[in-house]
Amino acid sequence: MLNTFDYGGKEADTVHALEEDIIFGRLAPGTRLVEDVLLARFPVSRHVIRQALYQLEKLGIVTRERNKGATVRRLSSEEVRQIYEVREMLQRQAALMIRLPASDALIAELTEIHRIYSGHVDSGYLRGIHEANDRFHLTMFSACGNAHLVSSIEHYMRLSLPVRANSLADREKLDVSRQHHWMMIEALKRSDNWVLAQLCVDHLQPSKAFYLQEIGTTLTAGETG
């Protein structure tokens, strides 16, 4: 996911640095991304900064408004619910379309990605966790045979980045996540697509519930503060 767009050099370094700050919580939702501040941080031209913000907007983690500039995207509870409704429908359908039992090659590839993911979880390497997680899911859903469906899944994965990022540094949630991954691999070895589909939907719920809870807590604090 982090290398979705074709950019390079200083622009790539700027995009990756800002992307990590946003995904891993160092820049909170709603934070303004002021060009002059970014120019003081990165030794690049204003054009490179603007291109970087454009790429981050395409990733779905930055919003830009005319005369207001760029801000770290903040999702409302209703936006979260709607995004996840679509994710559930897309991922359930893709899981139902995968031919089971899956091929030995797919099982082997997913098992290797899962091994890498688990290693990053154990070491606490956030970028590695994020990249391996996305690679696991896109590799699995690609087995549905419909490239347009997989592209839609990837798009909504991007839109939900602010939600998913909240769980990256939580070891308990990560342990649940990798348990789900292993259960998916085991389901792929069998013949019940409905079991696999339900696993894929259940896998989405912890990060969504946690984000909605955090939103609710923030709103309550704002009302009583």
Side-chain angles (χ1 to χ4, degrees), residues 1 23 25 60 75-103 106-122 126 128-146 148-217:
M1 284 282 283
I23 292 174
L75 294 173
S76 68
S77 58
E78 185 58 29
E79 285 178 307
V80 172
R81 292 189 181 94
Q82 291 186 15
I83 288 170
Y84 272 78
E85 283 176 358
V86 178
R87 285 195 71 191
E88 289 168 15
M89 289 188 289
L90 293 173
Q91 296 188 188
R92 184 190 298 277
Q93 184 59 36
L96 291 173
M97 292 168 62
I98 296 173
R99 173 178 274 184
L100 298 182
S103 69
L106 178 61
I107 297 297
E109 185 175 6
L110 290 173
T111 300
E112 175 60 14
I113 297 171
H114 179 67
R115 184 191 66 77
I116 294 169
Y117 177 75
S118 293
H120 292 323
V121 169
D122 289 336
L126 297 183
I129 293 169
H130 172 64
E131 290 180 340
N133 178 72
D134 285 2
R135 186 151 60 96
F136 180 92
H137 290 293
L138 291 175
T139 298
M140 180 178 68
F141 290 128
S142 292
C144 77
N146 186 319
H148 295 283
L149 177 54
V150 176
S151 178
S152 296
I153 289 172
E154 184 175 9
H155 174 68
Y156 278 90
M157 286 173 68
R158 282 186 219 142
L159 291 182
S160 63
L161 268 175
V163 181
R164 298 190 290 129
N166 276 267
S167 301
L168 283 176
D170 189 311
R171 181 54 186 267
E172 184 176 343
K173 291 183 177 63
L174 289 172
D175 285 339
V176 171
S177 176
R178 62 177 169 183
Q179 181 183 21
H180 285 176
H181 286 184
W182 188 250
M183 291 168 67
M184 290 174 197
I185 291 172
E186 290 299 308
L188 285 162
K189 298 176 183 178
R190 300 183 174 89
S191 302
D192 193 334
N193 286 79
W194 286 102
V195 170
L196 177 62
Q198 191 58 49
L199 282 171
C200 292
V201 171
D202 291 345
H203 185 62
L204 299 175
Q205 305 313 311
S207 57
K208 179 182 75 171
F210 181 72
Y211 191 86
L212 291 174
Q213 180 182 348
E214 289 293 295
I215 290 175
T217 301

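Here the structure is a predicted model, which means the values were calculated and not measured.
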Novice: If you count every heavy atom of other residues, nucleotides or ligands that lies below 6.0 Å from F210 atom CZ, does the total exceed 12?
Specialist: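 More than 12 within 6.0 Å, yes.
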Novice: Residues two or more places apart in sequence or in another chain: which of them pass salt bridge (charged side-chain N to carboxylate O under 4.0 Å, His left out) with R87?
Specialist: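 If we apply the salt bridge (charged side-chain N to carboxylate O under 4.0 Å, His left out) test to R87, skipping adjacent residues, there are no hits.
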Novice: Can you measure from CG (N146) to CE (M97) and round to the nearest 0.5 angstrom?
Specialist: 4.5 Å
Novice: Going from CG on L212 to CD on Q205, what distance comes out if it is rounded to the nearest 0.5 angstrom?
Specialist: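 Interatomic distance, L212 CG to Q205 CD, rounded to 0.5 Å: 10.0 Å.
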Novice: Taking all heavy atoms of Y117 and all of L174, pick out the closest pair and write down the distance.
Specialist: OH-CD2, 3.7 Å
Novice: Please round to the nearest 0.5 Å and tell me the distance separating atom CG of L96 and atom CZ of R92.
Specialist: 7.0 Å
Novice: What pairs with W194 under ring-ring contact (aromatic ring centres under 6.0 Å, His included), at least two apart in sequence or on another chain?
Specialist: none
Novice: For A132 versus I113, what's the shortest heavy-atom pair and its separation?
Specialist: O-CG2, 3.5 Å
Novice: Is the CZ atom of R171 crowded by more than 12 outside heavy atoms at less than 6.0 Å?
Specialist: yes
Novice: Shortest non-hydrogen contact from L106 to A143?
Specialist: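 Distance-wise, the nearest heavy atoms are CD2-CB, 3.6 Å.
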Novice: To the nearest 0.5 Å, tell me how far R164 CZ sits from D134 CG.
Specialist: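 Interatomic distance, R164 CZ to D134 CG, rounded to 0.5 Å: 4.5 Å.
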Novice: Taking V163's backbone N and O only, do any of them form a donor-acceptor pair with S160's side chain (distance below 3.5 Å, no angle check)?
Specialist: no
Novice: State which residues pass salt bridge (charged side-chain N to carboxylate O under 4.0 Å, His left out) with D170; sequence neighbours excluded, sorted by chain then number.
Specialist: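 Partners of D170 by the salt bridge (charged side-chain N to carboxylate O under 4.0 Å, His left out) criterion, ordered by chain and then number, come out as K173.
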Novice: Treating N193 as the side-chain partner and A95 as the backbone partner, does any N or O pair qualify as donor plus acceptor under 3.5 Å?
Specialist: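 Side chain of N193 to backbone of A95, a donor-acceptor pair under 3.5 Å: yes, one is there.
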Novice: For a quick test of reading the model, state the closest non-hydrogen atom pair linking H114 to I185 and the distance between them.
Specialist: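 Closest approach of H114 to I185, heavy atoms only: CB-CD1, 4.0 Å.
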Novice: Could you please spell out the steps behind the side chain to side chain contact (heavy atoms under 4.5 Å, CB included) verdict for I153 and Q93?
Specialist: CA-CA 10 Å; I153 289 172; Q93 184 59 36; over 6 Å; no
Novice: What are the two closest heavy atoms between Y211 and P162, and how far apart are they?
Specialist: CE1-O, 3.5 Å
Novice: Hey, are the side chains of L110 and M184 touching, using non-hydrogen atoms and a 4.5 Å cut-off?
Specialist: no
Novice: To the nearest 0.5 Å, what is the distance between CG on L188 and CD1 on I98?
Specialist: 5.5 Å
Novice: Would a 4.5 Å heavy-atom cut-off, applied to side chains only, mark W182 and S118 as touching?
Specialist: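 No, too far: nothing below the 4.5 Å cut-off.
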Novice: Grab the two heavy atoms, one from L100 and one from S191, that are nearest each other, plus how far apart they are.
Specialist: CB-CA, 3.9 Å
Novice: Is the shortest side-chain heavy-atom distance between N133 and H120 below 4.5 Å?
Specialist: no
Novice: Under the salt bridge (charged side-chain N to carboxylate O under 4.0 Å, His left out) test, which residues partner R190, sequence neighbours left out?
Specialist: E186
Novice: Would you mind reporting whether S151 and H155 have side-chain heavy atoms less than 4.5 Å apart?
Specialist: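 Sidechains of S151 and H155: no contact.
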Novice: Taking only residues two or more places apart in sequence or in another chain, which ones pass salt bridge (charged side-chain N to carboxylate O under 4.0 Å, His left out) with E109?
Specialist: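 Residues passing salt bridge (charged side-chain N to carboxylate O under 4.0 Å, His left out) with E109: none at all.
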Novice: Look up atom CD in Q198 and atom CE in M183, then write down how far apart they are to the nearest 0.5 Å.
Specialist: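 If we round to the nearest 0.5 Å, Q198:CD and M183:CE are 10.5 Å apart.
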Novice: List for me each residue that meets ring-ring contact (aromatic ring centres under 6.0 Å, His included) alongside F136, sequence neighbours excluded, and say none if there are none.
Specialist: H181
Novice: Are I83 and K208 close enough, and set up right, to give a side chain to side chain contact (heavy atoms under 4.5 Å, CB included), and what steps lead you there?
Specialist: CA-CA 10 Å; I83 288 170; K208 179 182 75 171; over 6 Å; no
Novice: Can you tell if the side chain of F141 reaches within under 4.5 Å of the side chain of S152, non-hydrogen atoms only?
Specialist: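 Of all side-chain heavy-atom pairs linking S152 with F141, none is under 4.5 Å.
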Novice: I want to check something: taking the side chain as every heavy atom from C-beta on, are H203 and Q91 in contact at a cut-off of under 4.5 Å?
Specialist: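 Sidechains of Q91 and H203: no contact.
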